[in-house]
Amino acid sequence: MPKRTTHTYSSEDANPDGPDSDLFVYYCKYCGSHVLITDTQLQKIPRRRTDKAYVLDKKKHLARLNVIEAGKVLLKRGEGKLEKQFRMTCMGCELLVCYRSVEDLESAPFIYVVDGALTSVAAETNPQDAPIPPCISQLEGGLVQVAIEVEDRAQRSAITRVNADDVRVTVAAPAARGEANNELLEFMGKVLGLRLSQMTLQRGWNNKSKLLVVEDLSARKVYEKLLEAVQP
């Protein structure tokens with residue numbers, strides 16, 4: 001299981017100067033979960049040339065992170081050069097939101113905030129401002145496609161998570177002989193208020209990854225209905 005944790009990085013120079021100091025709160029752009037509190041606006045700090053990530057200097061700025069430790073990744077940067085990234089993801093949807101260059105949290109001099117991952121808009125207080133995650137996409141002809149990860153042989157049919165990559169759905173039926181697919185379609189029809197004739201499952205009839213294509217609903221409406229149905 002990923003380690004879920006809250007980290008506070010600061011120095012004497014980074015501490016806010018009294019109760020009237022400005023603090024800026026940033027949220028995950030896709031699920032609205034709180035990720036970062038800092039004493040500077042991201043658009044005012046330097047950015048990396050390679051990936052445009054914001055460079056948050058812990059010696060200069062306060063950085064309170066509410067994230068999941070997601071492990072180390074090696075990236076090739078130019079000929080013969082490797083870059084280590086110790087990644088951190090959103091606690092709500094596990095979207096990559098920031099990373100650091102060294103494993104030890106306390107000694108990491110910078111936090112790199114992924115370009116486009118955070119927003120200053122609190123989606124919890126204004127759901128209409130929450131962007132639609134990439135797992136829900138608008139297709140031509142008014143169709144909407146939803147990427148779904150199915151867990152079969154569960155206790156009940158339920159939507160347990162909507163994140164950037166997929167919608168996680170549990171069904172009681174086994175995957176064998178398409179039983180899970182039939183239950184999935186019936187359940188999603190109830191959630192979205194659609195008939196079976198308005199939905200199609202594409203690819204993955206024998207694995208857990210599905211693409212559900214629906215008619216007569218906008219991507220925004222699909223997103224809202226899925227969020228309303230989530231039962232963690």
Side-chain angles (χ1 to χ4, degrees), residues 2 4-7 9 22-58 60-78 83-102 105 108-139 144-149 161-168 211 218-224 226-227 230:
R4 296 172 180 264
T5 184
T6 299
H7 302 295
Y9 304 95
D22 290 331
L23 290 179
F24 300 93
V25 182
Y26 289 91
Y27 305 86
C28 174
K29 190 172 182 180
Y30 292 109
C31 78
S33 295
H34 162 234
V35 173
L36 170 69
I37 297 176
T38 184
D39 58 354
T40 185
Q41 293 176 297
L42 292 182
Q43 60 266 35
K44 292 184 178 180
I45 63 177
R47 303 178 73 168
R48 295 192 69 192
R49 291 184 179 180
T50 52
D51 59 5
K52 304 301 181 183
Y54 296 95
V55 183
L56 190 59
D57 188 338
K58 287 163 40 186
K60 297 179 180 179
H61 301 293
L62 178 73
R64 293 176 184 166
L65 288 164
N66 191 42
V67 294
I68 300 172
E69 293 291 341
K72 181 178 72 174
V73 172
L74 290 176
L75 297 178
K76 187 176 181 180
R77 298 289 194 196
E83 176 185 318
K84 291 182 181 179
Q85 290 186 2
F86 294 88
R87 295 185 166 187
M88 294 167 274
T89 60
C90 168
M91 293 185 72
C93 69
E94 299 184 18
L95 175 75
L96 173 63
V97 290
C98 53
Y99 60 90
R100 59 190 185 275
S101 60
V102 297
L105 295 170
F110 305 105
I111 300 296
Y112 300 96
V113 180
V114 175
D115 181 32
L118 301 184
T119 175
S120 58
V121 175
E124 296 94 338
T125 58
N126 190 0
Q128 296 300 319
D129 289 327
I132 300 169
C135 66
I136 303 171
S137 54
Q138 191 78 49
L139 305 179
V144 174
Q145 179 177 278
V146 183
I148 296 177
E149 179 182 308
R161 191 181 72 185
V162 178
N163 68 10
D165 298 320
D166 54 50
V167 177
R168 184 170 294 174
L211 289 177
S218 66
R220 167 63 61 182
K221 197 64 179 177
V222 169
Y223 183 36
E224 291 175 357
L226 291 174
L227 286 181
V230 170

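Along the sequence shown, residues carry numbers from 1. Computed from a prediction, not measured in an experiment: that's the story for all the values here.
The aromatic rings of H34 and Y27 sit perpendicular, their planes meeting at an angle over 60°, well past the 30° parallel limit.
Interatomic distance, I148 CD1 to I136 CD1, rounded to the nearest 0.5 Å: 9.5 Å. Distance check, rounded to the nearest 0.5 Å: CZ of R64 to CG of L23 gives 6.5 Å. Between the SG atom of C90 and the CG atom of L36 there is a distance of 12.0 Å, given to the nearest 0.5 Å.
Listed by chain and number, the residues in a ring pair (Phe, Tyr, Trp, His ring centres under 6.0 Å) with F110 amount to none (sequence neighbours excluded). With sequence neighbours left out, Y54 forms a ring pair (Phe, Tyr, Trp, His ring centres under 6.0 Å) with no residue at all. Remark: K44 engages Q41 in a side-chain hydrogen bond (donor to acceptor under 3.5 Å, both in side chains) (not counting sequence neighbours). Every residue meeting the salt bridge (charged side-chain N to carboxylate O under 4.0 Å, His left out) condition with R168, not counting sequence neighbours, appears here in chain and number order: E149. Take E83 and apply the side-chain hydrogen bond (donor to acceptor under 3.5 Å, both in side chains) test, not counting sequence neighbours, and it matches R48, R77, Q85. Qualifying side chain to side chain contact (heavy atoms under 4.5 Å, CB included) partners for K52, counting only residues two or more places apart in sequence or in other chains: R47, D115.
A heavy-atom distance below 4.5 Å is not found between the side chains of I132 and Q138. Using a 4.5 Å heavy-atom threshold, the side chains of T50 and L75 count as separate. Counting heavy atoms from C-beta on, the side chains of L105 and E69 come closer than 4.5 Å. Residues I45 and D57 fail the side-chain proximity criterion, which asks for heavy atoms closer than 4.5 Å. With contacts defined as side-chain heavy-atom distances shorter than 4.5 Å, the pair F24/D39 does not qualify. Looking only at side-chain heavy atoms (C-beta outward), N66 and S33 stay at 4.5 Å or farther from each other.
Smallest separation of non-hydrogen atoms from V67 and C98: CG1-SG, 4.3 Å. The heavy-atom pair separating A70 from T89 by the smallest distance is CB-CG2, 3.6 Å. Across all their heavy atoms, A63 and L56 have their closest contact at CB-CD2, 3.6 Å. Pairing each heavy atom of Y99 with each of A53, the nearest pair is OH-CB, 3.7 Å. Here the closest heavy-atom approach between residue V144 and residue A219 is recorded as CG2-N, 3.5 Å. For Y30 against Y223, the heavy-atom pair with the smallest separation is O-OH, 3.0 Å.
For the side chain to side chain contact (heavy atoms under 4.5 Å, CB included) with Y26, the lone residue among V35, L42, V97, V113 that qualifies is L42.
Proximity of a side-chain donor or acceptor of T38 to a complementary backbone N or O of L62 within less than 3.5 Å is detected. Remark: the backbone N or O of A108 is paired with a side-chain donor or acceptor of K58 at under 3.5 angstrom.
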**Message:** One pair to check against side chain to side chain contact (heavy atoms under 4.5 Å, CB included): V114 and L95. What are the steps and the verdict?
**Reply:** CA-CA 10 Å; V114 175; L95 175 75; over 6 Å; no
**Message:** Show, in sequence, the C-alpha distance, side-chain angles and deciding distance for M88 and I111, and conclude whether the side chain to side chain contact (heavy atoms under 4.5 Å, CB included) test is met.
**Reply:** CA-CA 10 Å; M88 294 167 274; I111 300 296; 4.2 Å; yes
**Intermediate values then yes/no, side chain to side chain contact (heavy atoms under 4.5 Å, CB included), L74 and K84** = CA-CA 5 Å; L74 290 176; K84 291 182 181 179; 3.4 Å; yes
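A salt bridge between R87 and E94 is absent, with no side-chain N of the basic residue lying under 4.0 Å from a carboxylate O of the acidic one.
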